[in-house]
Amino acid sequence: MLEVENLTVRYGRITALAELDLAVPEGRIVTVLGANGAGKSSLLKALIGLTPIAGGAIRWKGEAIHRRPASERVKAGLALVPEGRRILVSMTVEDNLKVGAYHRDDPAQVAREIDAIYQRFPNLAERRFQKASCLSGGEQQMLAVGRALVSGSSLMMLDEPSLGLSPIIIARLFELLVELNKGGLALLLVEQNTNMALSVAHEGHVLKLGRKIAHGTPQQLLADARLQEAYLGG
Amino acid sequence: MSLLALDDVGKNFGGLVVVKNLSFTVEAGQRVALIGPNGAGKSTVFNLITGVYPLTSGRVLFDGVDITHLPMRRRIGLGVARSFQNIRLMGHLSVVENIMLGQQPKAGGLAALLTPYRLMPRHRWIEEARAALDEAGLGAYADLSVDSLPYGVRKRVDLLRAVVANPKMLLLDEPAAGLNERETEDLHDALMAIAAKGVTLVVVEHDMHFVDRLCERVVVINFGEKIAEGTMAEVRASPLVREAYLGGDATVGAGHA
Amino acid sequence: MKRLGTVSAIALLGALAFAPAVQAASELVIGYSMAKTGPYVSLANSNEIAADMAVDEINAKGGVNGRKIKLTKFDTGGNPKDASAAVRRFAVDDKALAIVGPFSSSECRVAFPDGERMGIVQMSMASSAPGLTADMSYAFRNTVDEGKVISDVMETFARKKIPSARAAIAYGTDDAVSKAIGTGVLPKVFEQYKSQVVSTVDFSVKAFDLSPQASQLVQAKPEVIGFGAPPEMAIKLATELQRQGLKARMIAGTTVADPDLPKRMAPAGEGFTIGTTFFRDLNPATKAFSAEFEKRAKAAGLPRTEPSQMDAATYDIVLMYADALAKTKATGDDANLAKERTAIRDHLAKLKNHPMLEGPISFGANRDSIKPIYILEAKQAAWTLIDTHEPK
Amino acid sequence: MSGYGEAILVMLAINIVVALAGYLPLAAGQLNLGIAGFMAVGGYTSAYLTSAYHLPMGVGMAAGAAAAGLLGLLVAVPVLRTSGIYLALATFALGQVIQAAFLNIEAVGAAAGYPVKPYAGFTVVLSVAFGVLVAVLLLSRTRFALLLTATKNDPLVTELFGVDVRAIRVAAFSLGALIAGIGGALYAHHYSYLEPQNFNIMLSVYIALYVLLGGTQTVAGPIVGAAFFTLLPELLRAGSHWRFVIFAVLIILVMAVRPEGLITGALARRLRFGKRREAAS
Amino acid sequence: MSGAVFAQQLVNGIMLGGIYMLIAVAFTLAIGVLNFLNFSIPGIFMVGAIATWRALENGWPWVGAIAAGLLAAGVASYLVERFTYRWMRGLDHEIPLVSSLGFLILFENLVLIGYGSDQQTFPALMPDFNIRVAGLVIGTGQLISLVLALVLVIAASGLLERTRIGRGIRAVAENADTATILGVEIHRVVPALFILIGLLSGVSGILFAMNYLQVSAFMGHEIGLKGIAAMVIGGMGNIWGAILGGLLIGLIEVLSIAFFGANRADICVYGALLLLLVVRPEGLLGGSAIVREKL
């Protein structure tokens, strides 16, 4: 469904990502692992269109989209849950969800989906008309996921969703991700929380300093010394 | 007496607890790493030590002085200097001028403030700054705008700017992030040289290999709490640390600790 | 880039510093400081037509002392600093014998001391702030004291028995002329004519909303309102008074002498009475002047084609200069320039009842002109002459 | 030199002084939209002391500068609690209040204006302006200037190098006010007449434009900006009333092409460094 | 001052406040969403009024003339976006400010060349356009503009609160990057906002002309400065704050003229602004303005 070929991203003279190949097939969970500065966030920003790419190609359902603006990519079915969640704290919970559905022209269906999200997350329903700034970290993460859901995406990309969350909330979050995936949603999961990510993913890639150093199934990667090296050093 | 002591330090942002009951000490001349997963509160600890944020609870002592309520600039005057995670060089100043900003804690005084040093090409500030750049092998960049420098060079200038203040303690926020292996190696050597002059180093870093080689002692925090302390080997062996980094029950990478 | 900048800046300065100081020796040069841009443009840019008309007439008759008159012009934009630059250019570079203008009181305040230092006559066609020419000798104004004008209006009211027992004062507080009329002139005139001042209101001359002032006037119910401010404010106050339902006659001096005013404030301005120094239908000369002016104004595409009091004053200033040049036998030669400029001053200062377009003109102790005052009343969107006061 | 040329040079000199007054706070990142107010304080103080008490003009000017600087210091402390756009608006309000205050002070003529007796001619104005320029140039060679730039660039990091950023800001603001006072005094004594209406918001705005258009990173910036605003309308005089239209279009274009101003620090450095490299080779 | 006159003065103040509101809202939208102190707003205000006046002079019907005025204001505002904000997004906040001033000078001088500096008489919609109740005179035009101002502001606020583009604008206001990844088209939302700002300024200018029966090249100056004061007093970026600020400035101005004279009105109005900025920079209704940056 999503194919990335030879992708290179540079900031000025710094190469954040070098010649990366990666694919997310329909309905699968793919995880990208690596320490800080490995280029994971740059990958997601390039995919959604926030960062221009310096080389390579991004194909979505067979079509090259790397020259399209972010808004069109979202419309085509890509959604990003950014690092740090980036909730719009000056807006209400409900408005955050509605902005998530910004490009959609079927308000009735959107309203139904928002109701479904409230059923799934009763905490959000309680605070639907309050400013999002009053949500806890876990609730904000749920809202960010909910916001990506109502965009009607078929691929959800998550950037470090477990960051700053307590273990219980992380566990709940991953349960949710698995459930969403069973409903047919493909996931591209960028994580430092390696074990958690590998426990849900179908396959994983390990990045170090912008380059892919390992790729395989979770079992293969867990057995691979290069994974631990990427985190805790030699 | 320890050079730096954090005593039961806590920090909340609104309702969010970022640092909780954190205590650790750093002895003069030591090289200590502060590590932990992303979002664990490491940079916040630096900001609490330098006074960017006020503490919610607890105390910070530096060189025997309680600095908990001192304004930022006074703490710097006592001998604390730091580098920045996202390099914070002054884009409107040249490289040598950035270094001269680093001299500020020891320049002092109204007369120093109003000396038209730029009309005196032999002025000791300029000489010193250039000498420091030359020594670091950055002399060729002295008169360029920092915006035009490659990333690695900017990182080194950022570090050098903190060093020229002659601090007693240097706080380094991810000094190796984004550097390639060669540059990381150079950085290691440079930091060892600084430490050899008696400067205490406190490092926040994700590159564990780098930390292992540089630091004698490691403090690990997660969710703002200290979860382990000791040598790198001791810390690696801690199940709490493995869980913090790798999540779940740590069954990863047998034999590598 | 920087060096380029420096070089071009120096070149530019050079060009400015040694700007045209050349003219044909056979001409007599008069400077004209005009406000063709800036805040006074619509009052001041028609002055140029009157000045050109005067020069054309003089030169058509063979000029003065066998030489043609040449008007050299400088646009001050109504800015005092530029008015000062204009004096310097006329006096030093253009070797002018005298200067027409500047226009506004603010410009005169700055330009008059310059002219005094350089020893060259200036004569303003519009400035009417009190006391501007005191302590000077080269500064002239072809305008009359507002106290005299407004007193003449009240005189006419007394003669014609127009009710004026209850009076009010409305004036602009942040403009020198307006404030002088409101705080100095009007109280004195009303006292002189036994009118009781029942209310005094002030406003900023930049204000657009005069409702609070109008409300105060409505409460005081005056029969006559003495007004001191530019014409725009007269329109605003008249409109607002009508809105709040007060019927009182407004009176004013030359500050509002705009030929189009009755049209612009109709119907609110009915009965508005002013004193001015020019009326187009006074006699054959003024009619001929107005016709020619109208032709030229139309050709120039100006929005207003009827000559104003300032246009007539400008025309007369040029003619007075021509007369002075002739009487003092001015040559415009460099060697005699200072002497000839002073001779012009002395000649003008002695003028008594000199017949001009506006009527007989004399200069008083402070070199402000003394001339007839025409009392005009707004009736059905036009000025009508109701009285004339010859100078005593 | 021609009379017109002298007049333009005087205008340029005064404009450079007030541009420098706007430059000092802007170099520290403060947009002062009340410069005209400080000019008024300097001008009126000097005019009053020399006219009412017959003090020598030099003393009057110094007193005017001191008065403006002192007022700057007094307002800097509360006003500099705000920053960015809030500071710009606070100084805008301050300028309006000062102008309105002078409209109410009868001792200096209120709305009628105030004639000023001692006359500062071409030489005096140019010498004083030159003195101010030299002083600012010297200042720009000091560590104070370095800290100004650093404060604007990144106040937090500057503070982390032991700098009392607030003191630097207050000093920059007050020094700017003091120089504005000198500019006001020069205006008063050269043009021999003051009226509150001269010192309106548009004057402050234009002064800010001088600096922003020229560039806030070097002393050359405000000078080039002041020259641009003083000389360009004169050069465009031939175009009569179109000149301000052309002028406005140029402002828009210059800001679009060089948003950091005509002269930037990087440009100045490149020139200097370029020269050194040429010399070395 | 008698009770009746005081009541009339209160009415005068509220009506004047109604005039300030719309322009304060235009300023507040530019500041709140784009952090842009848009000095071209007084120019756009003037362009709207002048275009309407020209159209009426040329014999257009009222509806057509007003439409022409709005069109001109919208186009003018779009030009400002195109040549200032779009080129300079993300630079120091003073920079688009300079360019917007350039546009103010441009608009004013173009009108000056076309129609002179004279204040031009704007035709009255009807001869006596006033309501007289219990001795109070209430200008119908002003009342309409007050009501219309409230309606327009409620509509604008509704637009921001309830519509898709409104949510997009608010999302951009809070964080342009986040808005982008949510699929908001910044390159459409921002021009749309500028056109909205232009229309509000234009309506304000036209209502002003209908009330005070005058237009001129510099008509935007005084009202623009007061509009900025109103915006700040209410709280920058807060639409309801602009309404409150507009009313307060109107009342302060009228009452200080009535009690202390016109001379002191500016001291009162701008003194209040200065005091507020020192004591409570975020304004009466604004949220906390100063957020410490993150290292």
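Proteins get letters first, then strands, A, B, ... in listed order; numbering begins at 1 in each.
For B/T25 (side chain) and B/S2 (main-chain N/O), no donor-acceptor pair under 3.5 Å exists by modelled atom type. Here the side chain of D/S46 pairs no donor or acceptor atom with the backbone of D/G42 at under 3.5 angstrom. For D/E159 (side chain) and D/L156 (main-chain N/O), no donor-acceptor pair under 3.5 Å exists by modelled atom type.
Residues B/L93 and B/V146 have side chains not in contact (no heavy-atom distance under 4.5 Å, counting atoms from C-beta outward). Residues B/L172 and B/V204 have side chains not in contact (no heavy-atom distance under 4.5 Å, counting atoms from C-beta outward).
Residue contact with chain B, scored on non-hydrogen atoms closer than 4.5 Å, is absent for D/L137. Using a 4.5 Å cut-off between heavy atoms, B/R74 does not touch chain D at all. Looking at B/A142, there are no atoms closer than 4.5 Å to chain D (heavy atoms on both sides), in backbone or side chain.
Between chain D and the options B/Q103, B/M90, B/M100, B/M120, heavy-atom pairs under 4.5 Å are most frequent for B/M90. Counting heavy-atom pairs closer than 4.5 Å to chain B, the top-ranked of the candidates D/L138, D/V163, D/T158, D/L146 is D/L146. Looking only at heavy-atom pairs under 4.5 Å with chain D, the residue among B/V80, B/N98, B/L114, B/L89 that has the most is B/L114.
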